[in-house]
2 protein chains.
Amino acid sequence: MGHTCVTATTSDEGVAVPVTIRDVARASGVHISTVSRTFSAPHLVNPETRVRVLACAEDLGYRPNRAARALITGRTHNIGLIIADIANPFFPPLIKAAESQARHRDYHVFVADTNEDPTAEEELVHALAKQVDGVLLCSPRMSNSLIEQLSREVPLVVVNRQVTGLPCVLMDVGQGARSAIEHLVGLGHRSIALLGGPRSSWTNREMRRAAAAAARAGGAELTMLGPNAPTEVGGSAVAEQVRRSGVSAVLAYNDLMAIGLIEGLDALGVRVPQEVSVVGVDDITLSRLTRPKLTTVATPTGAAGRTAVDMLLQQDIESPRAARGSGAGTALGVRRTTAQVMLQTDLVIRDSTGPGPYARPARPLAAPRGPGPHCPADPGIPTAATGDAVAS
Amino acid sequence: MGHTCVTATTSDEGVAVPVTIRDVARASGVHISTVSRTFSAPHLVNPETRVRVLACAEDLGYRPNRAARALITGRTHNIGLIIADIANPFFPPLIKAAESQARHRDYHVFVADTNEDPTAEEELVHALAKQVDGVLLCSPRMSNSLIEQLSREVPLVVVNRQVTGLPCVLMDVGQGARSAIEHLVGLGHRSIALLGGPRSSWTNREMRRAAAAAARAGGAELTMLGPNAPTEVGGSAVAEQVRRSGVSAVLAYNDLMAIGLIEGLDALGVRVPQEVSVVGVDDITLSRLTRPKLTTVATPTGAAGRTAVDMLLQQDIESPRAARGSGAGTALGVRRTTAQVMLQTDLVIRDSTGPGPYARPARPLAAPRGPGPHCPADPGIPTAATGDAVAS
DNA sequence: CGTGATGCTGCAAAGGTTTGCAATGAAGTA
DNA sequence: TACTTCATTGCAAACCTTTGCAGCATCACG
């Protein structure tokens with residue numbers, strides 16, 4: 001296995017001596033219910049008793065068993081976060097924001113990765129169902145109908161997907177794609193390619209729709225490429241195709257693909273942005289670190305994570321799951337309000353886009369360096385390059 | 001909050017009608033224990049009965065309540081994964097490998113992010129304790145003694161940290177740092193800086209130790225910088241300091257810092273590798289995409305994830321937690337074997353390192369054009385630049 | 001002193017499942 | 001026929017906690 005085993009010892013360190021509420025009760029000479037109340041409703045127990053119980057609990061190292069507590073209260077104080085691909089830098093900011101928001105409300109977050117696999121998604125929802133109070137489905141790849149069905153098993157909030165009847169957090173990639181196309185058209189590009197991502201992605205469909213409309217409006221021709229894997233590899237794979245197609249600009253499904261594409265073009269000797277302009281989507285940290293720095297549509301991932309958690313918790317509070325009372329069916333027909341929130345996106349102009357074949361030569365330009373007939377970034381063009389700063 | 005609320009409807013969609021084992025029993029006319037056995041010990045129930053029960057379960061949409069099951073069996077079939085910072089691209093491959101390995105053994109993985117905060121780490125271990133069968137602690141920031149203490153609450157496997165008495169998975173960054181220093185010395189660098197990461201990181205200490213020894217052996221002077229945050233920002237923050245210090249090469253705590261440093265140096269007009277050589281650690285995907293491509297010490301993250309899960313599960317199987325039988329203290333003094341595994345690292349030479357002031361001009365070199373002359377490692381030094389492909 | 005209110009505590013059921021043990025019936029054996 | 005064995009199923013306790021209800025003192029008030 002290519003590793004070296006350094007040591008291998010055996011020890012008798014006690015394994016998890018499980019100390020329960022009963023042990024604490026015995027030690028402090030009260031009933032278990034008093035111990036329980038000491039933790040879950042302290043104001044109901046005599047201060048003296050309380051300190052005694054707490055001392056004993058501390059001594060014995062007692063920790064409430066959250067699973068048992070969940071069994072009876074119906075609330076786990078956990079929320080699940082199902083992610084298509086943790087390795088995609090788009091998600092960590094969302095995860096962190098969700099976690100921080102959840103923590104403020106005394107919830108813990110369990111993240112699960114599905115590897116872009118719809119089957120794994122479904123399985124994970126089932127697995128999480130009884131161990132969390134709700135699940136955030138981020139950029140799901142499964143069908144809308146399946147999502148609706150699963151939502152009867154556990155409260156769901158969907159991110160980057162529109163499902164009627166379910167609370168959704170959406171990012172306005174349509175607007176983003178429109179801005180990107182308008183930006184490119186304004187630079188003098190008339191032949192643009194859209195590099196598509198996963199077919200089952202809502203974002204992907206929105207982008208196609210909006211980009212097509214914007215291109216039509218701007219008098220540009222839009223070529224559809226893909227679908228491809230939303231990774232660097234998926235981007236570099238189409239470099240050859242891009243070159244052959246003769247387009248002068250590409251809008252990619254996300255930054256990862258855009259960066260991969262730039263790499264791929266570079267390997268083919270095609271220079272960005274001199275010969276081809278490239279725009280990404282997401283504004284991941286990485287897009288500021290590559291050369292050229294990437295022009296991209298910034299998506300408010302942090303806000304999405306926070307909002308999604310808020311919506312889930314709000315929904316949760318309204319309908320406390322397991323109503324007490326055994327046989328009688330639980331709160332059936334509870335009325336719950338489902339909102340859909342659309343978050344704004346922003347075009348961030350950096351160095352991967354430049355003037356296209358139809359650019360108006362506003363001012364005389366410096367002589368083009370290298371073989372390219374095209375001009376390097378026209379200084380006249382207002383490449384605001386605000387840097388970052390997404391509306392949160 | 002900068003968003004637009006698109007719709008807000010209310011629906012009566014039934015909320016989680018919780019169907020239990022009891023409902024299935026009633027529907028299929030058997031006792032609940034038979035239903036239970038149908039799922040957890042099918043061979044004990046008559047085939048005819050079994051199909052009937054399964055049909056009813058399917059009809060009603062029954063799903064075993066994992067929390068309740070865990071309460072009595074003591075096994076959740078979940079494992080927890082506590083990560084210092086999900087946004088650090090070092091971790092996703094580890095997470096994915098752990099998840100895949102766990103899935104093969106019918107376990108689910110819950111990931112939690114601590115934001116490099118030791119307090120959050122401790123809290124999360126407590127929160128996870130009763131909801132998982134074991135926890136993987138990745139690059140923990142808390143003290144060894146605390147880790148030992150927590151290990152009595154839930155089985156623990158530690159990654160990137162050496163804790164006596166606990167199973168550990170380590171990556172040989174000491175060897176990696178040595179290779180890196182030898183590589184730099186071979187290139188003619190005599191004044192090298194070590195850019196340190198988090199103080200509480202085991203990796204950090206190991207690197208310091210090994211790098212210092214290797215520098216001494218190679219007749220080079222080693223300047224210690226840091227500690228700093230293990231991020232791009234943490235790297236770019238010391239650019240000025242690096243320039244002033246006059247060193248000709250830097251070994252950074254990880255790739256993120258190395259990349260940030262290169263950015264920072266670039267902003268100061270210092271060229272890499274022409275004026276300063278930079279080496280990172282981890283070999284994250286990003287390190288192949290920046291310009292110049294990063295020379296780095298590849299760490300076997302996938303193997304680490306797999307190995308850690310294996311060790312945890314093996315340990316778990318040996319000591320089934322909650323022995324049946326109430327009062328009598330459970331399996332105290334169970335003998336468990338704790339192994340420590342050390343995984344190899346590999347130096348990957350790319351374009352961010354070049355000849356230093358004391359380079360022997362072995363051959364006349366082409367004028368340093370663009371991305372580095374890349375004096376291929378002094379043939380005397382055995383830096384097996386295998387590329388990537390870490391022994392798994 | 002009687003009455004009611006208040007503060008604290010104990011009792012026991014409930015939550016969904018697993019599992020040792022016993023009961024049942026059928027089949028096999030002597 | 002009587003006895004054993006085996007397969008199948010039911011019974012009930014157990015896992016750890018929460019919580020409605022009731023009991024009991026204590027105290028204030030009239």
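Within every chain, numbering begins at 1; the chains are lettered A, B, ... in the order of the sequence lines, protein sequences first and strands thereafter. Basis for what follows: all heavy atoms, side chains included, without hydrogens, waters or symmetry-related copies.
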- Message: If you compare every side-chain N and O of A:Thr73 against the phosphate oxygens of C:dG15 (OP1, OP2), does one of them come in below 4.0 Å?
- Response: no
- Which atoms form the tightest heavy-atom contact between A:Ala120 and A:Thr114, and what is the distance? CB-O, 3.8 Å
- Query: Is a donor on one side and an acceptor on the other found under 3.5 Å between the side chain of A:Glu153 and the backbone of A:Ala129?
  - Reply: no
- Query: Pick the nucleotide of DNA chain D nearest each of B:Ala68 and B:Pro47; which residue has the one closer to the 5' end?
  - Reply: B:Pro47
- Message: At less than 3.5 Å, do the side-chain atoms of B:Arg37 and the base atoms of D:dG10 form a donor-acceptor pair?
- Response: yes
- Note on the structure: Testing C:dT9, D:dA14, D:dC16 for proximity to the side chain of B:Ile72, the answer is D:dA14
- Item | Separation of D:dT8 P from B:His31 NE2 (nearest whole Å) | 18 Å
- Message: If we ignore hydrogens and angles and just use 3.5 Å, is the side chain of B:Arg37 paired with the main-chain N or O of B:Leu44 as donor and acceptor?
- Response: no
- In whole angstrom, what separates A:Leu71's CG from C:dA13's C1'? 13 Å
- Find the distance B:Arg63:CZ to C:dG16:C1' and express it as a whole number of Å. 16 Å
- CZ of A:Arg50 versus P of C:dC8: gap in Å, rounded? 9 Å
- Message: Nearest to the A:Arg22 side chain among D:dT19, D:dT17, D:dG10, which nucleotide is it?
- Response: D:dT17
- Message: What contact category does B:Tyr62 fall into here, base, sugar-phosphate, or nothing, at under 4.0 angstrom with non-hydrogen atoms?
- Response: sugar-phosphate
- Side-chain (A:Gln101) to main-chain (A:Gly305) donor-acceptor, under 3.5 angstrom: no
- Message: At 4.0 Å (heavy atoms only), tell me whether A:Ser36 reaches a base, stays on the sugar-phosphate, or touches nothing.
- Response: base
- Query: Can you check the B:Ile32 CD1 to D:dT8 P distance for me, whole Å?
  - Reply: 20 Å
- Item | Test log, rule side chain to side chain donor-acceptor pair (under 3.5 Å), inputs B:Gln131 and A:Asn78 | CA-CA 10 Å; B:Gln131 321 193 48; A:Asn78 295 140; 3.3 Å; yes
- Message: Would the base of C:dG15 count as contacting A:Arg69 through its side chain, where contact means a donor and an acceptor less than 3.5 Å apart?
- Response: no
- Interatomic distance where CZ belongs to A:Arg52 and C1' belongs to C:dT9 [whole Å]: 11 Å
- Checking B:Asn160 side chain against B:Cys138 main chain: does a donor-acceptor pair fall under 3.5 Å? no
- Name the closest nucleotide to the A:Asn65 side chain, picking from C:dG10, D:dG10, D:dC16. D:dC16
- Looking at side-chain heavy atoms only, is the closest gap between B:Arg161 and B:Asn144 below 4.5 Å? yes
- If you check the A:Thr49 side chain, which of C:dC8, C:dA12, D:dT9 turns out closest? C:dC8
- Task: Quickly work out the B:Ile21 CD1 to C:dT17 P distance and round it to whole Å.
- Result: 5 Å
- Between NE2 of B:His77 and P of C:dT17 the distance, given in whole Å, is 16 Å
- Query: Only one of A:Asn46, A:Val53, A:Leu54 forms a side chain to side chain contact (heavy atoms under 4.5 Å, CB included) with A:Arg50, so which one is it?
  - Reply: A:Leu54
- Just how large is the angle between the end axes of the helix from C:dC1-D:dG30 to C:dA30-D:dT1, five pairs per end, to 10 degrees? 50°
- Task: Remember a base hit wins even if backbone is also touched, and classify B:Ser33 as base, sugar-phosphate or nothing at under 4.0 Å, heavy atoms.
- Result: base
